[in-house]
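Below: the structure, in structure tokens.
Remember, it's 1-based here, ligands and their atoms both numbered in the order they're listed. Computed from heavy atoms alone, side chains included, the values below leave out hydrogens, waters and symmetry copies.
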Amino acid sequence: MASSILSDCSSACLLPLRRALLPPWAPRLRPCPALAHPRRLLVAARPQLLPRPRRMDSAPAAIASSADSATVSADAPAKVIDGKLVAKQVREEIAVEVTRMKDAIGIVPGLVVILVGSRKDSQTYVRNKKKACEAVGIKSYEVNLPEDSSEEEVIKHIASFNSDPSVHGILVQLPLPRHMNDETILNAVSIEKDVDGFHPLNIGRLAMQGRDPFFVPCTPKGCMELLHRYGVEIKGKRAVVIGRSNIVGMPAALLLQKANATVSIVHSQTKNPEKITRQADIVIAAVGVANLVRENWIKPGATIIDVGINPVDDPESPRCYRLVGDVCYEEASKVAGAITPVPGGVGPMTIAMLLSNTLEAAKRIHKFK
Ligand code: NAP
């Protein structure tokens, strides 16, 4: 059950249940109220900011939404960016498009997920992806290979899906067994079917002026979708991305830059991270350190997208832990203009963006507008 709560990295990376200890040099201010009072973190809803409907590529008109399910902090002025609600909207739009495509040209988008080994958490992620595909009408195929498979065997499967016209997206569930080289395996996926967006050519195109990738990695794409749907202006704004991983931080910074923000990247070696972050109108935090970002890191009115998913001890919870973000929600929501909760913010967007990438792949391959 625990693993079903933990969202994985773009669809591909494992999130181990790690101890959420602040590093020794992390700011030692007051304890984050969310840690001190776990139950105070989220209270039930009053309508907040209504997501601004936006067409996704050639998706149909956005489905009317209700912000009734928004979750807000008791005394927080910050608007809550409701990823659960937006992800639902996105899935509904995708379902409409899948049907339209099937009716018009008889093609159903197909996603194959390759799982090597039998890690329970990876199995759960794969199962969740399969369910999400089925719910919107995308065909999903699953290949389960034994832990001791060779790289050649995995690549042979990838090669056969690269040339299979019923498969439009290929995803290799990470982590792979230790004896395999991720790079070798991921590079074997055709860039036109690389729905995770991890192929170096896709990342390279994302980084270049005047080029567009075939696919954008799912989690950073989900962050951008939240900003767009909530009408957050990006052009000309100062943005800070905390974290520079290949799957979240780095592509998120590239996307913000493509959207004409002035972007700084804060990482583990950055001096005065709070001073730099405090200058930002938009913050994307993708670190993996529970409640690292405190009130004094945040410019009043800033928009905060919290990608982090960190388990922390919570004796009051039936599982004895709960999930918090990289941002101390209770403090940040007093200062920020808008903020994503954890859970219920970026997490639900990742699989929704995988479905979106798969639909996009099928449309591109079949030249369907
Ligand atoms: P990662 O590969 O471990 O990268 C973490 C990044 O944070 C690194 O660039 C690291 O800097 C930086 N960092 C570490 N400690 C720092 C500190 N104290 N101050 C500033 N920067 C620091 O992690 P990831 O895969 O990007 O994931 C980040 C978080 O997002 C995790 O909590 C993960 O669970 C979550 N996540 C959520 C989703 C979702 O769907 N919601 C998807 C993916 C990931 P260096 O480069 O200098 O080491």
Under 4.0 Å from a heavy atom of G308: which atoms of ligand 1 are those, numbered in the order shown and with their elements? 29 (C), 30 (O), 32 (O), 35 (C)
Give a yes or no on whether a salt bridge exists between K237 and D281, defined as a side-chain N under 4.0 angstrom from a carboxylate O. no
Is there a side-chain contact between C218 and D196, using heavy atoms and a 4.5 Å cut-off? yes
Check whether any N or O atom of S245, backbone or side chain, sits under 3.5 Å from an N or O atom of ligand 1, and answer yes or no. yes
So does E134 pair up with K131, basic N to acidic O under 4.0 Å? no
For I247, the atoms of ligand 1 under 4.0 Å from one of its heavy atoms are 25 (O)
Between I309 and ligand 1, find which residue part has any heavy-atom pair under 4.0 Å and reply side chain, backbone, both or neither. both
Within ligand 1, which atoms have a heavy atom of T350 less than 4.0 Å away? 39 (C), 40 (O)
For ligand 1, is any non-hydrogen atom under 4.0 Å from V248's backbone (N, CA, C, O), its side chain (CB onward), both, or neither? side chain
Can you tell whether the side chains of E152 and K156 come within less than 4.0 Å, N to carboxylate O? no
Of the backbone atoms (N, CA, C, O) and the side-chain heavy atoms from C-beta on, which set of T270 has a member under 4.0 Å from an atom of ligand 1: side chain, backbone, both, or neither? neither
Close side-chain approach of V96 and R100, heavy atoms under 4.5 Å: no
If you count the atoms of ligand 1 from 1 in the order shown, which ones are under 4.0 Å from a heavy atom of N310? 32 (O)
G243 neighbourhood, listing ligand 1 atoms whose heavy-atom distance to it stays under 4.0 Å: 6 (C), 7 (O), 9 (O), 12 (C)
Salt bridge or not between E225 and K221? Use side-chain N to carboxylate O under 4.0 Å. no
How about P341 and K84: do any of their side-chain heavy atoms sit closer than 4.5 Å? no
For ligand 1, which atoms have a heavy atom of V307 less than 4.0 angstrom away? 30 (O), 35 (C), 36 (N), 37 (C), 38 (C), 41 (N)
